[in-house]
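Worksheet: the structure to be examined is printed underneath.
Counting from 1, the numbers follow the sequence of the chain as shown.
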Amino acid sequence: MNTSQNVKKELNKLANQEKAKIMQRFFKTGKGQYGEGDIFIGLKVPEQREIAKKYINLNLNEIEKLLKSEIHEYRLTALLILTYQFPESKQKEKIINFYLKNTKYINNWDLVDLSADKILGEYLINKNKDILYKLAKSNNLWEKRTAIISCFNFIKNNQFDDALKISEILLNDEHDLIHKAVGWMLREIGKRNIKEEEVFLKKHYKQMPRTMLRYSIERFPDKKRKFYMQKKQLK
């Protein structure tokens, strides 16, 4: 029978205390850190993917029980199940409403990065994207990251405008995890159309946080990369 309890049992069988300790440090779960209080049981993502595929037909009520858990791997597995359900679902809008209603449980960078573009980004590809601008202006770190990472789906389809506009909104954000996410999306644009990325960089590189700029030009030729970093230092 497909229940959240069955999923938990399978995940618990693979729990590894040593890995859990490493992951708690890696995902910054200490006091005052971005993942404060998050609890890990020590599973790798491929292990969770296999279990998620097995429970692809789990209903939203049971998925919600996993997503509201204090255990990180339960939450991630819930989101992975949703990513597998979404492409063939006849209730896409219901899944989207569920996803948006539960953003407070999508509260670490891997949870966002492994789900946002595959669910929210996929749904919005040819629709009004106002919700992303609302999320980008949120006071919640993870909602802001969800806004920019959702754009990855658009970027893969050579639609860059919303990613660039949301990057502008997040340009002066103070958090390193937003700097990295925006830089990553700009880099992805550059991989497909370097001229588009450079138009953005020439306008904004002087005010971009150093980490954001560094991530965004990572794939540039050495000469061009050094040019931007040197100009940044001379600002």
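- Lys92 NZ: more than 12 foreign heavy atoms inside a 6.0 Å radius.
- Annotation: the span from Asn140 atom CG to Arg145 atom CZ amounts to 13.0 Å, rounded to 0.5 Å.
- Within the model, atoms CG of Asn158 and CD of Glu196 stand 9.5 Å from one another, a figure rounded to the nearest 0.5 Å.
- Pairing each heavy atom of Ile149 with each of Met185, the nearest pair is CD1-CE, 4.0 Å.
- Here the side chain of Glu36 pairs no donor or acceptor atom with the backbone of Lys31 at under 3.5 angstrom.
- Remark: Gln17 CD is loosely packed, at most 12 non-hydrogen atoms of other residues, nucleotides or ligands lying under 6.0 Å away.
- Remark: of the listed residues Asn108, Asn102, Asp38, Asp38 is the sole one forming a side-chain hydrogen bond (donor to acceptor under 3.5 Å, both in side chains) with Arg75.
- Between the side chain of Glu122 and the backbone N or O of Lys118, no donor-acceptor pair lies under 3.5 Å.
- For the pair Leu164 and Phe200, the tightest heavy-atom approach, listed with the atom from each and the gap, is O-CE1, 3.5 Å.
- Between Leu79 and Leu114, every side-chain heavy-atom pair lies at or beyond the 4.5 Å cut-off.
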One pair to check against side chain to side chain contact (heavy atoms under 4.5 Å, CB included): Leu213 and Tyr205. What are the steps and the verdict?
CA-CA 7 Å; Leu213 178 61; Tyr205 78 91; 4.0 Å; yes
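- In this structure, the side chains of Leu43 and Lys19 stay at 4.5 Å or more apart for every pair of heavy atoms.
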Lys8 and Ile41: side chain to side chain contact (heavy atoms under 4.5 Å, CB included), yes or no, with the steps?
CA-CA 11 Å; Lys8 290 176 182 179; Ile41 57 174; over 6 Å; no
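- Inter-residue side-chain proximity for Leu186 and Ser167 is flagged as met; some heavy-atom pair is nearer than 4.5 Å.
- When every heavy atom of Thr211 is checked against every heavy atom of Lys180, the shortest pair comes out as CG2-CG, 3.7 Å.
- Between Lys54 and Glu50 there is no salt bridge, since no side-chain nitrogen of the basic residue lies less than 4.0 Å from a carboxylate oxygen of the acidic one.
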Working for side chain to side chain contact (heavy atoms under 4.5 Å, CB included), residues Leu82 and Ser115:
CA-CA 8 Å; Leu82 283 180; Ser115 66; over 6 Å; no
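- Counted within 6.0 Å of CZ on Arg219, heavy atoms from surrounding residues, nucleotides or ligands total 12 or fewer; the atom is thus considered open.
- When all heavy atoms are compared, the tightest approach of Lys144 to Ser138 is CD-O, 3.4 Å.
- Interatomic distance, CZ of Phe154 versus CG of Asp162, reported as 6.0 Å (0.5 Å rounding).
- When every heavy atom of Glu197 is checked against every heavy atom of Ile217, the shortest pair comes out as OE2-N, 4.3 Å.
- Counting heavy atoms from C-beta outward, Lys191 and Ile155 have side chains that stay 4.5 Å or more apart.
- Taken to the nearest 0.5 Å, the CD1 atom of Ile148 stands 11.5 Å off from the CG atom of Leu135.
- Inter-residue side-chain proximity for Phe98 and Glu64 is flagged as met; some heavy-atom pair is nearer than 4.5 Å.
- Relative ring orientation between Phe27 and Phe40 is described as parallel, the plane-to-plane angle staying below 30° on a 0-90° scale split at 30° and 60°.
- Salt bridge Glu198/Lys195: absent, no basic N to carboxylate O contact under 4.0 Å.
- For Tyr215, the ring-ring contact (aromatic ring centres under 6.0 Å, His included) criterion is met by no residue, not counting sequence neighbours.
- Residue Lys28 places its NZ atom among 12 or fewer non-hydrogen atoms of other residues, nucleotides or ligands, all under 6.0 Å distant.
- Hydrophobic clustering, with ILVMFWY side chains joined whenever heavy atoms are under 4.5 angstrom apart, keeps Met212 apart from Val199.
- Of the residues listed (Thr29, Asn107, Asp110), the one engaging His72 in a side-chain hydrogen bond (donor to acceptor under 3.5 Å, both in side chains) is Asp110, and it is the only one.
- In this structure, Lys68 contributes its side chain and Leu66 its backbone to no donor-acceptor pair below 3.5 Å.
- Of the possible donor and acceptor atoms, none in the side chain of Ser89 sits under 3.5 Å from a partner among the backbone N and O of Phe86.
- Under 3.5 Å, the side chains of Asn153 and Tyr123 contain no donor-acceptor pair of N or O atoms.
- Asn157 places no side-chain N or O within 3.5 Å of a backbone atom of Gln159 that could act as its donor or acceptor partner.
- The side-chain heavy atoms of Tyr99 and Leu67, taken from C-beta on, include no pair separated by under 4.5 Å.
- The environment of NZ in Lys13 is sparse: at most 12 heavy-atom neighbours from other residues, nucleotides or ligands sit within 6.0 Å.
- With a 4.5 Å cut-off on side-chain heavy atoms, Ile131 and Leu100 count as touching.
- Shown here is Lys156, whose NZ atom has more than 12 heavy atoms of other residues, nucleotides or ligands within 6.0 Å.
- Counting only heavy atoms from C-beta outward, the side chains of Gln207 and Leu171 approach each other to under 4.5 Å.
- Annotation: Lys53, atom NZ; neighbour count of heavy atoms from other residues, nucleotides and ligands within 6.0 Å is above 12.
- Between atom CD of residue Glu143 and atom CG of residue Leu141 there is a gap of 10.0 Å, rounded to the nearest 0.5 Å.
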Evaluate the criterion salt bridge (Lys or Arg N to Asp or Glu O under 4.0 Å) for residue pair Glu168 and Lys165; output intermediate values, then yes/no.
CA-CA 5 Å; Glu168 279 191 316; Lys165 288 174 184 175; over 6 Å; no
May I have the step-by-step check of side chain to side chain contact (heavy atoms under 4.5 Å, CB included) for Ile51 and Leu14, ending in yes or no?
CA-CA 11 Å; Ile51 293 171; Leu14 299 172; 3.9 Å; yes
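- Side-chain heavy atoms closer than 4.5 Å link hydrophobic residues (I, L, V, M, F, W, Y) into clusters, and following such links, possibly through other members, connects Val45 to Ile56.
- Minimum heavy-atom separation, Ser216 to Met208: OG-CE, 3.9 Å.
- Note that CD1 of Ile96 and CG of Leu124 are 6.0 Å apart. Values are rounded to the nearest 0.5 Å.
- Tyr55 and Glu10 share a donor-acceptor pair across their side chains, judged by distance under 3.5 Å alone.
- Atom NZ of Lys104 is surrounded by 12 or fewer heavy atoms from other residues, nucleotides or ligands within 6.0 Å.
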